[in-house]
Amino acid sequence: LITRIPFASSMTRRGFYRLRVFTVICVIILAASSLLSRYAAREPSNGELHLNSSLRSGNTQQVVTTGGCEPRRHFAFVKTHKCASDTVSALLMRVIDEQALEMVTCVGFFNLNWPRQPGTFFKSQKPSGRFDSSALHMMYNRSTWERFMEPDTMYIGIVRRPFIQFKSFFNYFGIWRRMHATFAIPVEETFDAFMKDPHFYRTRIGRRGLNTLNPMSRDFGYINGVTNTDKFIGNLSREIHVMLIADYFDESMILLHHELCWPMRDIIYISKNIVRQYAFSSNKSTIMDPREHTYNNFSTVDYRMFNTFNQTLWQKVGQIPQFAEKLKDYRDVLSQTNRLCQDLKRSSDRKSVLFISQSEFHGAIAIDESMCRRLSQGVLAYIKELKKKYDQNSPRYRVFPVDDISW
């Protein structure tokens, strides 16, 4: 026993020393953990640089939605021509990409058999065989679309003031070029010439000319000379859950945000395919034009459709609480996003994460280089990325509707 006492005493002193060291280490770890938790919970100031590793990886989701509701992630967009539809499609495809949703993806270059009824596309890889989303040009036919979309799909459309849409349509599809080639009309006079007698020129400049009559309605499935107009407008009013108005784009985005219960981050956009000058004229004015009266009498269905849904838009936004304040806040978010993306382009640290501070209507929104790249990405680039999920031997889906009437 006597010989063991010094040994026991030595071990006790050594044990106490180790215990003290262990206690100090634990205190340091707990203090550091507390500081990190406080920092992570702290609201970043506007534009503050924050190197959060979880956000560096692209996980920049902002989860605050509207009124605590559940975001709707099954949606189909009727992509009408020359109605800011590329901007909407790119926005939707960013959400599709970030949420890992499956989209109807064309086998061909960029559309789904437009202007005929839906054509060939890759089959869904989901067990249900149905798609989460659609965002490409595809003729709208509700009974056909329901064959491959999920049952709870929200249908979204977009229209634009018909005369302004037609001027863009006239430019994009080269109607002026055909007028010039067929009738030797100077390019700068082609639009005026067409507007003087649209019925005459429509049938004399090839298939593209036929497209000039009610082009927006045709994208929604209207067949000139066949479809009953009253029934057509009534069906659309029931079937399209959210009809956006390109002329009031930001207001429409707030409506989309509200109806689909999406967080503010999901409706951030950068405009796509903006044409600064038309080939046939330098005048892109949207003010009242005396020629619009002629086009109103020509494309009567497009005007009826636009007027109906323009009225519906304002009825719906009038029911959104604090709409004016939300709109102002949203435009501020768009402005800050643009500024922060420019700042990131100039930054030497491409892994930086910048923040838009939370407001009454949204949580803090993280903006990183990946987010800015996706915001700037166009529809064709998204299609290319989505197609990588398939190979040339992937199963195809082909629709054979009985009412396949082309232009």
Side-chain angles (χ1 to χ4, degrees), residues 40-50 52 55 59-73 75 77 84 87-95 98-99 154 156 158 160 241-272 274 309-310 312-345 352-376:
R42 179 177 57 85
E43 178 64 43
S45 61
N46 184 25
E48 176 186 0
L49 182 65
H50 186 161
N52 185 313
L55 294 175
N59 180 23
T60 56
Q61 292 294 338
Q62 177 265 101
V63 297
V64 176
T65 57
T66 57
C69 54
E70 189 71 22
R72 303 290 296 270
R73 295 305 187 188
F75 53 87
F77 177 49
T87 300
V88 178
S89 283
L91 181 154
L92 296 177
M93 292 169 83
R94 175 173 61 84
V95 173
E98 293 177 347
Q99 298 295 326
M154 294 283 287
I156 306 164
I158 188 167
R160 186 181 185 184
H241 299 101
V242 185
M243 185 69 86
L244 313 172
I245 305 294
D247 311 76
Y248 305 103
F249 195 86
D250 291 349
E251 291 86 346
S252 296
M253 288 296 103
I254 294 296
L255 178 63
L256 185 72
H257 160 71
H258 181 79
E259 294 291 321
L260 271 65
C261 192
W262 282 7
M264 186 74 78
R265 182 185 183 279
D266 282 359
I267 59 169
I268 296 174
Y269 70 91
I270 292 177
S271 297
K272 305 291 188 299
I274 298 177
F309 287 106
N310 185 43
T312 301
L313 171 74
W314 295 109
Q315 289 173 347
K316 287 186 175 181
V317 301
Q319 298 170 6
I320 298 176
Q322 296 180 278
F323 174 77
E325 291 81 1
K326 286 182 180 179
L327 179 62
K328 182 178 182 300
D329 182 75
Y330 174 54
R331 286 174 169 163
D332 185 53
V333 167
L334 293 177
S335 177
Q336 290 188 66
T337 300
N338 183 67
R339 178 177 62 81
L340 294 179
C341 283
Q342 293 300 319
D343 290 346
L344 284 170
K345 281 184 179 180
S352 299
V353 179
L354 306 179
F355 282 88
I356 297 174
S357 298
Q358 73 177 38
S359 74
E360 180 182 359
F361 306 110
H362 64 80
I365 302 175
I367 305 294
D368 63 358
E369 190 275 335
S370 175
M371 169 73 164
C372 294
R373 177 185 56 79
R374 289 196 297 271
L375 283 170
S376 301

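- Under the 4.5 Å side-chain criterion, counting only non-hydrogen atoms from C-beta, Lys316 is not in contact with Leu313.
- Using a 4.5 Å cut-off on side-chain heavy atoms (C-beta onward), Gln322 and Phe361 make contact.
- Judged by distance alone, the side chain of Arg94 and the main-chain N or O of Asp266 form a donor-acceptor pair under 3.5 Å.
- Considering only residues two or more places apart in sequence or on other chains, Asp250 meets the salt bridge (charged side-chain N to carboxylate O under 4.0 Å, His left out) condition with Arg331.
- In summary, Asp332 and Lys328 do not engage in a salt bridge, as defined by a charged side-chain N under 4.0 Å from a carboxylate O.
- The side-chain contact (heavy atoms from CB on, under 4.5 Å) test with Ile268 is passed by exactly one of Met253, Gln336, Met371: Met371.
- A donor-acceptor pair under 3.5 Å is formed between the side chain of Trp262 and the backbone N or O of Arg72.
- Residues passing the ring pair (Phe, Tyr, Trp, His ring centres under 6.0 Å) test with Tyr269, sequence neighbours excluded: Phe249.
- Heavy atoms only, all atoms of each residue included: His362 and Ser357 are closest at CE1-O, 3.1 Å.
- Paired with Ile158 under the rule side-chain contact (heavy atoms from CB on, under 4.5 Å), one option of Val88, Val242, Ile245 passes, and it is Val88.
- Atoms CG and NZ, from Asp343 and Lys345 in turn, are 11.5 Å apart once rounded to the nearest 0.5 Å.
- The pair Glu98-Arg374 meets the salt-bridge criterion, with a side-chain N (NZ, NE, NH1 or NH2) lying under 4.0 Å from an Asp/Glu carboxylate O.
- Arg73 places a side-chain heavy atom less than 4.5 Å from the side chain of Val95.
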